[in-house]
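Single-structure report; data block below.
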Amino acid sequence: MNELTDLSYALDTFYFLICGVLVLWMAAGFSMLEAGLVRSKNTAEILTKNIALFAIACTMYLLVGYYIMYSGNAGGFLPNLGFLIGAENSVDAVTAGGDDAPYYSMRSDFFFQVVFVATAMSIVSGAVAERMKLWAFLAFAVVMTAVIYPVSGYWTWGGGWLAEVGYSDYAGSGIVHLAGAAAALAGVIVLGPRKGKYGKDGSIHAIPGANMPLATLGTFILWMGWFGFNGGSELKMSDISSANNVAQVFVNTNAAAAGGVIAALILAKLWFRKADLTMALNGALAGLVAITADPLSPSALGATIIGAIGGLIVVAAIVSLDKLKLDDPVGAISVHGVVGIWGVLAVPLNNDGASFGPQLIGIAGIFAWVFIASLIVWLILKAIMGIRVSEEDEYEGVDIAECGLEAYPEFGIKK
(Lines give C-alpha, C1' and ligand atoms only; values in the text may rest on other atoms or scores of the structure.)
Protein backbone atom coordinates (compact mmCIF):
# COMPACT_ATOMS: atom_id res chain seq x y z
CA MET A 1 0.00 0.00 0.00
CA ASN A 2 2.83 2.39 0.87
CA GLU A 3 4.61 1.54 -2.37
CA LEU A 4 1.44 2.33 -4.32
CA THR A 5 1.02 5.60 -2.43
CA ASP A 6 4.64 6.53 -3.08
CA LEU A 7 4.25 5.80 -6.79
CA SER A 8 1.00 7.78 -7.10
CA TYR A 9 2.49 10.74 -5.22
CA ALA A 10 5.60 10.71 -7.41
CA LEU A 11 3.59 10.40 -10.63
CA ASP A 12 1.16 13.19 -9.77
CA THR A 13 4.00 15.44 -8.64
CA PHE A 14 5.93 14.78 -11.85
CA TYR A 15 2.82 15.40 -13.99
CA PHE A 16 2.14 18.66 -12.14
CA LEU A 17 5.71 19.84 -12.71
CA ILE A 18 5.70 18.97 -16.42
CA CYS A 19 2.40 20.85 -16.88
CA GLY A 20 3.98 23.79 -15.09
CA VAL A 21 6.86 23.70 -17.57
CA LEU A 22 4.34 23.77 -20.44
CA VAL A 23 2.65 26.82 -18.90
CA LEU A 24 6.08 28.44 -18.42
CA TRP A 25 6.62 27.90 -22.16
CA MET A 26 3.57 30.14 -22.70
CA ALA A 27 5.78 33.05 -21.60
CA ALA A 28 7.77 32.44 -24.78
CA GLY A 29 4.49 32.38 -26.71
CA PHE A 30 3.37 35.73 -25.33
CA SER A 31 6.81 37.17 -26.08
CA MET A 32 6.78 36.03 -29.69
CA LEU A 33 3.14 36.98 -30.27
CA GLU A 34 3.60 40.49 -28.89
CA ALA A 35 6.96 40.98 -30.62
CA GLY A 36 5.29 40.12 -33.91
CA LEU A 37 2.32 42.43 -33.40
CA VAL A 38 4.26 45.57 -32.44
CA ARG A 39 6.35 47.71 -34.78
CA SER A 40 10.01 46.80 -35.20
CA LYS A 41 11.15 49.91 -33.29
CA ASN A 42 9.43 48.61 -30.14
CA THR A 43 10.43 44.94 -30.28
CA ALA A 44 13.37 44.85 -27.85
CA GLU A 45 11.36 46.68 -25.20
CA ILE A 46 8.38 44.30 -25.41
CA LEU A 47 10.74 41.33 -25.09
CA THR A 48 12.43 42.96 -22.09
CA LYS A 49 9.03 43.46 -20.46
CA ASN A 50 8.10 39.83 -20.95
CA ILE A 51 11.21 38.27 -19.47
CA ALA A 52 11.35 40.81 -16.63
CA LEU A 53 7.68 40.42 -15.70
CA PHE A 54 8.13 36.66 -15.53
CA ALA A 55 11.06 37.02 -13.13
CA ILE A 56 9.16 39.56 -11.01
CA ALA A 57 6.06 37.34 -10.91
CA CYS A 58 8.10 34.34 -9.76
CA THR A 59 9.83 36.36 -7.03
CA MET A 60 6.82 38.28 -5.68
CA TYR A 61 4.56 35.23 -5.69
CA LEU A 62 7.25 33.36 -3.77
CA LEU A 63 7.68 36.14 -1.22
CA VAL A 64 4.03 36.94 -0.46
CA GLY A 65 1.59 36.05 -3.25
CA TYR A 66 1.34 32.29 -2.69
CA TYR A 67 0.79 32.75 1.05
CA ILE A 68 -1.95 35.34 0.43
CA MET A 69 -3.69 33.08 -2.07
CA TYR A 70 -3.70 29.84 -0.08
CA SER A 71 -3.54 30.67 3.64
CA GLY A 72 -6.85 32.42 4.20
CA ASN A 73 -9.94 31.20 6.03
CA ALA A 74 -12.55 29.19 4.15
CA GLY A 75 -15.29 31.44 2.80
CA GLY A 76 -13.42 34.59 3.82
CA PHE A 77 -13.03 37.95 2.11
CA LEU A 78 -9.78 39.30 3.58
CA PRO A 79 -6.73 37.05 3.07
CA ASN A 80 -4.09 36.33 5.67
CA LEU A 81 -0.73 38.02 5.22
CA GLY A 82 2.52 36.14 5.44
CA PHE A 83 5.69 35.16 3.63
CA LEU A 84 7.08 32.28 1.59
CA ILE A 85 5.50 28.93 0.81
CA GLY A 86 5.76 26.85 3.97
CA ALA A 87 7.12 23.40 4.72
CA GLU A 88 7.02 20.53 2.25
CA ASN A 89 4.61 17.65 2.81
CA SER A 90 6.01 15.10 5.26
CA VAL A 91 6.27 11.41 4.48
CA ASP A 92 3.86 10.63 7.32
CA ALA A 93 1.25 13.04 5.96
CA VAL A 94 1.42 11.49 2.51
CA THR A 95 1.30 7.86 3.66
CA ALA A 96 -1.43 8.43 6.29
CA GLY A 97 -4.12 8.05 3.63
CA GLY A 98 -7.60 9.52 3.81
CA ASP A 99 -9.23 12.38 1.93
CA ASP A 100 -6.95 14.99 3.47
CA ALA A 101 -3.69 13.30 2.48
CA PRO A 102 -1.75 15.33 -0.12
CA TYR A 103 -1.23 13.58 -3.44
CA TYR A 104 1.44 15.85 -4.88
CA SER A 105 4.33 17.92 -3.55
CA MET A 106 3.61 21.40 -2.21
CA ARG A 107 6.58 22.69 -4.22
CA SER A 108 5.01 21.33 -7.40
CA ASP A 109 1.80 23.15 -6.53
CA PHE A 110 3.70 26.40 -6.03
CA PHE A 111 5.54 25.96 -9.31
CA PHE A 112 2.29 25.34 -11.20
CA GLN A 113 0.59 28.32 -9.59
CA VAL A 114 3.47 30.74 -10.10
CA VAL A 115 3.44 30.29 -13.86
CA PHE A 116 -0.29 31.09 -13.80
CA VAL A 117 0.28 34.46 -12.13
CA ALA A 118 2.97 35.20 -14.71
CA THR A 119 0.44 34.41 -17.44
CA ALA A 120 -2.04 36.90 -15.96
CA MET A 121 0.65 39.60 -15.95
CA SER A 122 1.73 38.77 -19.51
CA ILE A 123 -1.76 39.72 -20.70
CA VAL A 124 -1.13 43.28 -19.55
CA SER A 125 2.13 43.78 -21.44
CA GLY A 126 0.69 43.53 -24.94
CA ALA A 127 -2.25 45.84 -24.26
CA VAL A 128 -0.04 48.73 -23.11
CA ALA A 129 2.69 48.16 -25.69
CA GLU A 130 4.55 50.83 -27.68
CA ARG A 131 3.97 53.81 -25.38
CA MET A 132 4.44 52.81 -21.73
CA LYS A 133 7.58 53.39 -19.68
CA LEU A 134 9.34 50.13 -18.95
CA TRP A 135 9.98 50.77 -15.25
CA ALA A 136 6.44 51.96 -14.60
CA PHE A 137 5.19 48.71 -16.11
CA LEU A 138 7.57 46.65 -13.97
CA ALA A 139 6.51 48.55 -10.84
CA PHE A 140 2.90 47.64 -11.61
CA ALA A 141 3.96 44.01 -12.11
CA VAL A 142 5.27 43.94 -8.54
CA VAL A 143 1.89 44.93 -7.10
CA MET A 144 -0.17 42.83 -9.51
CA THR A 145 1.69 39.59 -8.82
CA ALA A 146 2.24 40.14 -5.10
CA VAL A 147 -1.23 41.36 -4.09
CA ILE A 148 -3.89 42.04 -6.72
CA TYR A 149 -3.98 38.63 -8.40
CA PRO A 150 -3.43 36.61 -5.19
CA VAL A 151 -6.39 38.29 -3.44
CA SER A 152 -8.95 37.34 -6.08
CA GLY A 153 -7.16 33.98 -6.38
CA TYR A 154 -7.81 33.44 -2.67
CA TRP A 155 -11.49 34.27 -3.16
CA THR A 156 -11.74 31.47 -5.72
CA TRP A 157 -9.09 28.73 -5.81
CA GLY A 158 -7.98 29.58 -2.27
CA GLY A 159 -11.41 28.73 -0.83
CA GLY A 160 -12.62 32.29 -0.18
CA TRP A 161 -16.08 33.79 -0.55
CA LEU A 162 -16.45 33.24 -4.31
CA ALA A 163 -15.69 29.55 -3.86
CA GLU A 164 -18.26 29.51 -1.08
CA VAL A 165 -21.03 30.91 -3.30
CA GLY A 166 -20.32 28.22 -5.90
CA TYR A 167 -18.26 30.03 -8.54
CA SER A 168 -16.79 27.43 -10.92
CA ASP A 169 -13.67 28.05 -13.01
CA TYR A 170 -11.66 24.90 -13.77
CA ALA A 171 -8.46 26.48 -15.11
CA GLY A 172 -9.06 30.22 -14.97
CA SER A 173 -11.05 31.90 -17.76
CA GLY A 174 -12.06 34.40 -15.09
CA ILE A 175 -9.46 33.93 -12.38
CA VAL A 176 -6.46 34.31 -14.70
CA HIS A 177 -7.60 35.70 -18.05
CA LEU A 178 -10.34 38.14 -17.02
CA ALA A 179 -8.12 39.34 -14.18
CA GLY A 180 -5.24 40.06 -16.55
CA ALA A 181 -7.57 41.82 -18.99
CA ALA A 182 -9.12 43.96 -16.23
CA ALA A 183 -5.66 45.15 -15.18
CA ALA A 184 -4.82 45.81 -18.83
CA LEU A 185 -8.03 47.79 -19.39
CA ALA A 186 -7.28 50.05 -16.44
CA GLY A 187 -3.78 50.66 -17.80
CA VAL A 188 -5.02 51.41 -21.32
CA ILE A 189 -7.54 53.94 -20.00
CA VAL A 190 -4.94 55.81 -17.96
CA LEU A 191 -2.27 55.55 -20.65
CA GLY A 192 -4.27 56.62 -23.70
CA PRO A 193 -3.87 55.44 -27.31
CA ARG A 194 -0.74 55.44 -29.44
CA LYS A 195 -0.07 58.56 -31.46
CA GLY A 196 -1.72 58.38 -34.86
CA LYS A 197 -4.03 55.52 -33.96
CA TYR A 198 -7.22 57.60 -33.97
CA GLY A 199 -7.95 60.68 -36.08
CA LYS A 200 -9.71 63.80 -34.82
CA ASP A 201 -12.58 62.97 -37.15
CA GLY A 202 -13.10 59.64 -35.42
CA SER A 203 -11.23 57.62 -38.04
CA ILE A 204 -9.28 54.52 -37.00
CA HIS A 205 -5.83 53.97 -38.48
CA ALA A 206 -4.41 50.47 -38.51
CA ILE A 207 -0.86 50.14 -37.16
CA PRO A 208 0.43 46.81 -38.51
CA GLY A 209 2.82 44.63 -36.58
CA ALA A 210 6.33 44.05 -37.85
CA ASN A 211 6.56 40.28 -37.98
CA MET A 212 3.59 38.04 -38.73
CA PRO A 213 5.65 34.82 -38.81
CA LEU A 214 6.79 35.59 -35.25
CA ALA A 215 3.21 36.29 -34.15
CA THR A 216 2.08 33.00 -35.67
CA LEU A 217 4.89 31.12 -33.95
CA GLY A 218 3.86 32.72 -30.66
CA THR A 219 0.27 31.57 -31.15
CA PHE A 220 1.33 27.97 -31.78
CA ILE A 221 3.55 28.07 -28.68
CA LEU A 222 0.62 29.33 -26.62
CA TRP A 223 -1.61 26.63 -28.12
CA MET A 224 0.92 24.01 -27.04
CA GLY A 225 1.39 25.51 -23.57
CA TRP A 226 -2.36 25.55 -22.99
CA PHE A 227 -2.36 21.75 -22.70
CA GLY A 228 -0.38 22.22 -19.49
CA PHE A 229 -2.57 25.12 -18.44
CA ASN A 230 -5.79 23.12 -18.68
CA GLY A 231 -4.45 19.59 -18.34
CA GLY A 232 -2.53 20.36 -15.18
CA SER A 233 -5.64 21.83 -13.60
CA GLU A 234 -7.02 18.28 -13.23
CA LEU A 235 -4.31 18.19 -10.50
CA LYS A 236 -3.60 14.45 -10.79
CA MET A 237 -3.57 11.56 -13.24
CA SER A 238 -2.47 8.52 -11.20
CA ASP A 239 -5.85 6.78 -11.28
CA ILE A 240 -8.03 5.67 -14.17
CA SER A 241 -10.70 8.35 -13.73
CA SER A 242 -8.16 11.19 -13.53
CA ALA A 243 -6.22 9.87 -16.51
CA ASN A 244 -9.40 9.77 -18.59
CA ASN A 245 -10.24 13.30 -17.46
CA VAL A 246 -6.81 14.56 -18.52
CA ALA A 247 -7.26 13.03 -21.96
CA GLN A 248 -10.70 14.65 -22.29
CA VAL A 249 -9.27 18.03 -21.27
CA PHE A 250 -6.51 17.77 -23.87
CA VAL A 251 -8.96 16.86 -26.63
CA ASN A 252 -11.38 19.65 -25.70
CA THR A 253 -8.63 22.24 -25.40
CA ASN A 254 -7.41 21.44 -28.89
CA ALA A 255 -10.94 21.32 -30.33
CA ALA A 256 -11.86 24.73 -28.90
CA ALA A 257 -8.75 26.36 -30.37
CA ALA A 258 -9.53 24.88 -33.78
CA GLY A 259 -13.13 26.09 -33.58
CA GLY A 260 -11.96 29.58 -32.66
CA VAL A 261 -9.65 29.81 -35.67
CA ILE A 262 -12.29 28.64 -38.17
CA ALA A 263 -15.03 30.90 -36.84
CA ALA A 264 -12.81 34.00 -36.63
CA LEU A 265 -11.42 33.45 -40.11
CA ILE A 266 -14.87 33.01 -41.67
CA LEU A 267 -16.25 36.08 -39.90
CA ALA A 268 -13.22 38.15 -40.96
CA LYS A 269 -13.73 37.09 -44.58
CA LEU A 270 -17.44 37.99 -44.47
CA TRP A 271 -16.88 41.27 -42.61
CA PHE A 272 -13.62 42.59 -44.07
CA ARG A 273 -13.60 40.64 -47.36
CA LYS A 274 -10.14 39.36 -46.42
CA ALA A 275 -8.76 36.35 -44.54
CA ASP A 276 -7.21 38.42 -41.73
CA LEU A 277 -4.30 36.50 -40.17
CA THR A 278 -4.37 38.52 -36.94
CA MET A 279 -8.03 37.64 -36.44
CA ALA A 280 -7.26 33.95 -37.05
CA LEU A 281 -4.48 34.07 -34.45
CA ASN A 282 -6.70 35.80 -31.93
CA GLY A 283 -9.46 33.34 -32.81
CA ALA A 284 -7.23 30.46 -31.70
CA LEU A 285 -6.45 32.20 -28.43
CA ALA A 286 -10.10 33.10 -27.94
CA GLY A 287 -11.10 29.47 -28.34
CA LEU A 288 -8.50 28.48 -25.76
CA VAL A 289 -9.62 31.14 -23.29
CA ALA A 290 -13.28 30.20 -23.77
CA ILE A 291 -12.78 26.51 -22.94
CA THR A 292 -10.46 27.15 -19.99
CA ALA A 293 -13.29 27.66 -17.48
CA ASP A 294 -14.42 24.06 -18.06
CA PRO A 295 -12.46 21.93 -20.52
CA LEU A 296 -13.70 18.70 -18.91
CA SER A 297 -17.51 18.66 -19.03
CA PRO A 298 -18.32 19.33 -22.72
CA SER A 299 -18.04 16.78 -25.49
CA ALA A 300 -15.36 17.40 -28.10
CA LEU A 301 -18.00 18.81 -30.45
CA GLY A 302 -19.37 20.98 -27.65
CA ALA A 303 -15.87 22.30 -26.97
CA THR A 304 -15.48 23.13 -30.67
CA ILE A 305 -18.72 25.14 -30.55
CA ILE A 306 -17.67 26.97 -27.36
CA GLY A 307 -14.35 27.85 -29.01
CA ALA A 308 -16.08 28.92 -32.23
CA ILE A 309 -18.36 31.29 -30.35
CA GLY A 310 -15.25 32.69 -28.67
CA GLY A 311 -13.72 33.21 -32.13
CA LEU A 312 -16.77 35.18 -33.26
CA ILE A 313 -16.85 37.23 -30.08
CA VAL A 314 -13.19 38.22 -30.27
CA VAL A 315 -13.50 39.66 -33.79
CA ALA A 316 -16.51 41.77 -32.76
CA ALA A 317 -14.80 42.82 -29.51
CA ILE A 318 -11.60 43.98 -31.22
CA VAL A 319 -13.59 46.12 -33.65
CA SER A 320 -15.80 47.49 -30.85
CA LEU A 321 -12.90 48.46 -28.58
CA ASP A 322 -11.30 50.31 -31.47
CA LYS A 323 -14.52 52.28 -31.95
CA LEU A 324 -14.38 53.16 -28.24
CA LYS A 325 -10.78 54.39 -28.80
CA LEU A 326 -9.34 51.82 -26.43
CA ASP A 327 -6.01 51.08 -28.10
CA ASP A 328 -4.89 47.50 -27.51
CA PRO A 329 -2.14 46.62 -30.03
CA VAL A 330 -2.48 42.84 -29.61
CA GLY A 331 -6.18 42.47 -28.80
CA ALA A 332 -5.45 41.17 -25.29
CA ILE A 333 -8.47 42.77 -23.61
CA SER A 334 -10.80 41.25 -26.20
CA VAL A 335 -9.18 37.80 -26.17
CA HIS A 336 -8.73 37.39 -22.44
CA GLY A 337 -11.39 39.71 -21.03
CA VAL A 338 -14.46 39.65 -23.25
CA VAL A 339 -13.99 36.02 -24.24
CA GLY A 340 -13.00 35.16 -20.67
CA ILE A 341 -16.46 36.29 -19.59
CA TRP A 342 -18.02 34.06 -22.25
CA GLY A 343 -15.96 31.12 -21.02
CA VAL A 344 -17.16 31.57 -17.44
CA LEU A 345 -20.78 31.88 -18.55
CA ALA A 346 -20.50 28.78 -20.75
CA VAL A 347 -19.73 26.51 -17.78
CA PRO A 348 -23.35 25.87 -16.67
CA LEU A 349 -24.28 24.85 -20.22
CA ASN A 350 -22.47 21.54 -19.76
CA ASN A 351 -21.73 21.29 -16.03
CA ASP A 352 -24.71 20.42 -13.79
CA GLY A 353 -22.71 21.48 -10.75
CA ALA A 354 -22.55 25.12 -11.89
CA SER A 355 -25.24 27.78 -12.28
CA PHE A 356 -25.36 31.24 -13.82
CA GLY A 357 -25.87 33.19 -10.58
CA PRO A 358 -22.55 32.31 -8.96
CA GLN A 359 -20.79 32.67 -12.34
CA LEU A 360 -22.09 36.23 -12.73
CA ILE A 361 -21.10 37.05 -9.15
CA GLY A 362 -17.62 35.69 -9.85
CA ILE A 363 -17.24 37.74 -13.01
CA ALA A 364 -18.37 40.92 -11.23
CA GLY A 365 -16.19 40.28 -8.17
CA ILE A 366 -13.01 39.48 -10.04
CA PHE A 367 -13.40 42.31 -12.55
CA ALA A 368 -14.34 44.95 -9.96
CA TRP A 369 -11.47 44.10 -7.64
CA VAL A 370 -8.74 43.82 -10.26
CA PHE A 371 -9.90 46.80 -12.32
CA ILE A 372 -10.32 49.20 -9.38
CA ALA A 373 -7.14 48.11 -7.62
CA SER A 374 -5.18 48.31 -10.88
CA LEU A 375 -6.63 51.72 -11.74
CA ILE A 376 -5.51 53.07 -8.38
CA VAL A 377 -2.00 51.67 -8.84
CA TRP A 378 -1.73 53.02 -12.40
CA LEU A 379 -2.84 56.48 -11.24
CA ILE A 380 -0.34 56.46 -8.38
CA LEU A 381 2.47 55.47 -10.74
CA LYS A 382 1.40 58.18 -13.18
CA ALA A 383 1.60 60.80 -10.42
CA ILE A 384 4.91 59.58 -9.01
CA MET A 385 7.00 58.61 -12.04
CA GLY A 386 4.81 58.97 -15.11
CA ILE A 387 3.76 55.96 -17.14
CA ARG A 388 3.99 57.19 -20.72
CA VAL A 389 7.13 57.87 -22.74
CA SER A 390 7.58 61.26 -24.38
CA GLU A 391 6.07 61.93 -27.80
CA GLU A 392 9.57 62.04 -29.28
CA ASP A 393 10.53 58.69 -27.75
CA GLU A 394 7.29 57.14 -28.98
CA TYR A 395 8.01 58.38 -32.49
CA GLU A 396 11.61 57.14 -32.45
CA GLY A 397 10.66 53.87 -30.78
CA VAL A 398 10.88 52.77 -27.18
CA ASP A 399 13.69 50.30 -27.95
CA ILE A 400 16.30 53.04 -27.97
CA ALA A 401 14.65 55.21 -25.31
CA GLU A 402 14.02 52.43 -22.78
CA CYS A 403 16.57 49.72 -23.65
CA GLY A 404 19.35 51.47 -25.54
CA LEU A 405 19.34 48.94 -28.37
CA GLU A 406 17.29 47.82 -31.35
CA ALA A 407 15.91 44.37 -32.05
CA TYR A 408 16.65 44.80 -35.78
CA PRO A 409 19.67 47.15 -35.93
CA GLU A 410 20.45 46.33 -39.56
CA PHE A 411 17.18 48.02 -40.59
CA GLY A 412 18.80 51.37 -39.88
CA ILE A 413 22.01 50.73 -41.83
CA LYS A 414 22.33 52.83 -44.97
CA LYS A 415 24.10 51.08 -47.81
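Glu394 has no carboxylate O lying under 4.0 Å from a charged side-chain N of Arg131, or vice versa, which leaves the two without a salt bridge. A salt bridge does not link Lys325 to Asp322: none of the charged nitrogens lies less than 4.0 Å from a carboxylate oxygen. Between Lys41 and Asp399 there is no salt bridge, since no side-chain N of the basic residue sits under 4.0 Å from a carboxylate O of the acidic one.
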With side-chain contact (heavy atoms from CB on, under 4.5 Å) as the criterion, how do Leu281 and Thr216 come out once you've worked through the C-alpha distance, each side chain's angles and the decisive distance to 0.1 Å?
CA-CA 7 Å; Leu281 300 180; Thr216 304; 4.0 Å; yes
Mind running side-chain contact (heavy atoms from CB on, under 4.5 Å) on Phe137 and Ile387 for me, showing each step along the way?
CA-CA 7 Å; Phe137 173 83; Ile387 64 172; over 6 Å; no
What's the verdict on salt bridge (charged side-chain N to carboxylate O under 4.0 Å, His left out) for Arg39 and Glu130, showing C-alpha distance, side-chain angles and the deciding distance?
CA-CA 8 Å; Arg39 289 166 288 183; Glu130 302 201 293; 3.1 Å; yes
With side-chain contact (heavy atoms from CB on, under 4.5 Å) as the criterion, how do Val38 and Thr43 come out once you've worked through the C-alpha distance, each side chain's angles and the decisive distance to 0.1 Å?
CA-CA 7 Å; Val38 300; Thr43 306; 4.3 Å; yes
Check against side-chain contact (heavy atoms from CB on, under 4.5 Å), Lys49 and Phe54:
CA-CA 8 Å; Lys49 284 201 304 186; Phe54 188 86; over 6 Å; no
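Judged by distance alone, the side chains of Tyr395 and Asp393 never bring a donor and an acceptor atom under 3.5 Å apart. Under 3.5 Å, the side chains of Glu234 and Tyr170 contain a donor-acceptor pair of N or O atoms. Residues Asn252 and Gln248 have side chains that bring a donor and an acceptor to within less than 3.5 angstrom of each other. Donor-acceptor pairing under 3.5 Å is lacking for the side chains of Asp239 and Ser241. Under the 3.5 Å distance criterion, with hydrogens and angles disregarded, a donor-acceptor pair is assigned to the side chains of Trp226 and Thr292. Counted by atom type alone, Ser297 and Asp294 present one or more donor-acceptor pairs between their side chains at under 3.5 Å. With 3.5 Å as the limit, one finds no donor-acceptor pair spanning the side chains of Asn80 and Ser71.
Although no hydrogens or angles enter the test, the distance criterion places a donor-acceptor pair under 3.5 Å between the side chain of Ser152 and the main chain of Tyr149. At distances below 3.5 Å, not a single donor-acceptor pair connects side-chain atoms of Trp155 with backbone N or O atoms of Gly365. Of the possible donor and acceptor atoms, none in the side chain of Gln359 sits under 3.5 Å from a partner among the backbone N and O of Leu345. Using a distance-only test at 3.5 Å, with no hydrogens or angles considered, no donor-acceptor pair links the side chain of Trp342 to the main chain of Ile309. Under the 3.5 Å distance criterion, the side-chain polar atoms of Thr304 are left unmatched by any main-chain donor or acceptor of Ala256. Between the side chain of Ser108 and the backbone N or O of Tyr104 there is no donor-acceptor pair closer than 3.5 Å. Within the 3.5 Å criterion, the main-chain N or O of Tyr9 finds a donor-acceptor partner in the side chain of Thr13. Side chain of Lys133 to main chain of Met385: a donor-acceptor pair is present (N/O by atom type, distance under 3.5 Å, no hydrogens or angles). Under the 3.5 Å distance criterion, the side-chain polar atoms of Tyr154 are matched with a main-chain donor or acceptor of Asn73. Of the possible polar contacts, one joining the Asp12 side chain to the Ser238 backbone as a donor-acceptor pair under 3.5 Å is found.
A ring pair (Phe, Tyr, Trp, His ring centres under 6.0 Å) with Phe112 is found for exactly one of Phe16, Phe14, Tyr61, Phe229, namely Phe16.
Around CH2 of Trp25, the count of heavy atoms belonging to other residues, nucleotides or ligands within 6.0 Å does not exceed 12. Annotation for Met212: atom CE counts as buried by contact number, over 12 foreign heavy atoms lying within 6.0 Å. Residue Lys197 qualifies as enclosed at atom NZ: its count of foreign heavy atoms under 6.0 Å is above 12. Dense packing is recorded around CH2 of Trp271, with more than 12 heavy atoms of other residues, nucleotides or ligands lying under 6.0 Å away. Leu63 CG: more than 12 foreign heavy atoms inside a 6.0 Å radius. The environment of CZ in Phe250 is crowded: more than 12 heavy-atom neighbours from other residues, nucleotides or ligands sit within 6.0 Å. For CD1 of Ile240, the number of neighbouring non-hydrogen atoms (other residues, nucleotides, ligands) closer than 6.0 Å is 12 at most.
Within the 4.5 Å cutoff, side-chain heavy atoms of Ile366 are placed close to those of Tyr167. Put simply, the side chain of Ile306 reaches to within 4.5 Å of the side chain of Asn350, judged on heavy atoms. Between Asp276 and Val315 the shortest side-chain heavy-atom distance does not fall below 4.5 Å. Side-chain contact between Ile341 and Val339 is absent, with no heavy atoms from C-beta onward closer than 4.5 Å. The side-chain heavy atoms of Ser122 and Leu53, taken from C-beta on, include a pair separated by under 4.5 Å. Side-chain atoms of Thr219 and Asn282, non-hydrogen and from C-beta on, never get closer than 4.5 Å to each other. Within the 4.5 Å cutoff, the side chain of Phe367 has no heavy atoms near those of the Ile372 side chain. The shortest distance between side-chain heavy atoms of Asn351 and Ser168 falls below 4.5 Å.
Between Val251 and Ala300 the shortest heavy-atom distance is CG1-CB, 3.9 Å. Across all their heavy atoms, Asp328 and Ala127 have their closest contact at OD1-CA, 3.2 Å. Of all non-hydrogen atoms in Val261 and Ala284, the two that sit nearest each other are CG2-CB, 3.3 Å.
A tilted orientation is assigned to the rings of His336 and Phe30, their planes being inclined by 30° to 60°. Using bins of under 30°, 30° to 60° and over 60° for the plane-to-plane angle, the ring pair Trp161/Phe77 lands in the tilted bin. Ring geometry, Tyr70 versus Tyr66: the interplanar angle falls from 30° to 60°, so the pair is classed tilted.
Remark: Lys323 is not positioned above the aromatic ring of Tyr198, lacking an NZ or CZ atom under 6.0 angstrom from the ring centre and at most 45 degrees off the axis.
Under the 6.0 Å cut-off for aromatic ring centres, His177 and Phe116 do not qualify, their centroids lying 6.0 Å or more apart.
Residues satisfying the side chain to side chain donor-acceptor pair (under 3.5 Å) criterion with Ser125, sequence neighbours excluded, are Glu34.
To the nearest 0.5 Å, the span separating CD1 on Ile175 from CG on Asp169 amounts to 4.0 Å. With values rounded to the nearest 0.5 angstrom, Met26 atom CE is found 8.0 Å from Leu288 atom CG. Interatomic distance, CG of Asn89 versus OG of Ser105, reported as 6.0 Å (0.5 Å rounding). Between Met32 atom CE and Asn50 atom CG the span is 8.0 Å, to the nearest 0.5 Å. The CG atom of Leu24 sits 12.0 Å away from atom CG of Leu17, with the distance rounded to the nearest 0.5 Å. Separating the CG atom in Leu296 from the CG atom in Asn244 is a distance of 10.5 Å, to the nearest 0.5 Å.
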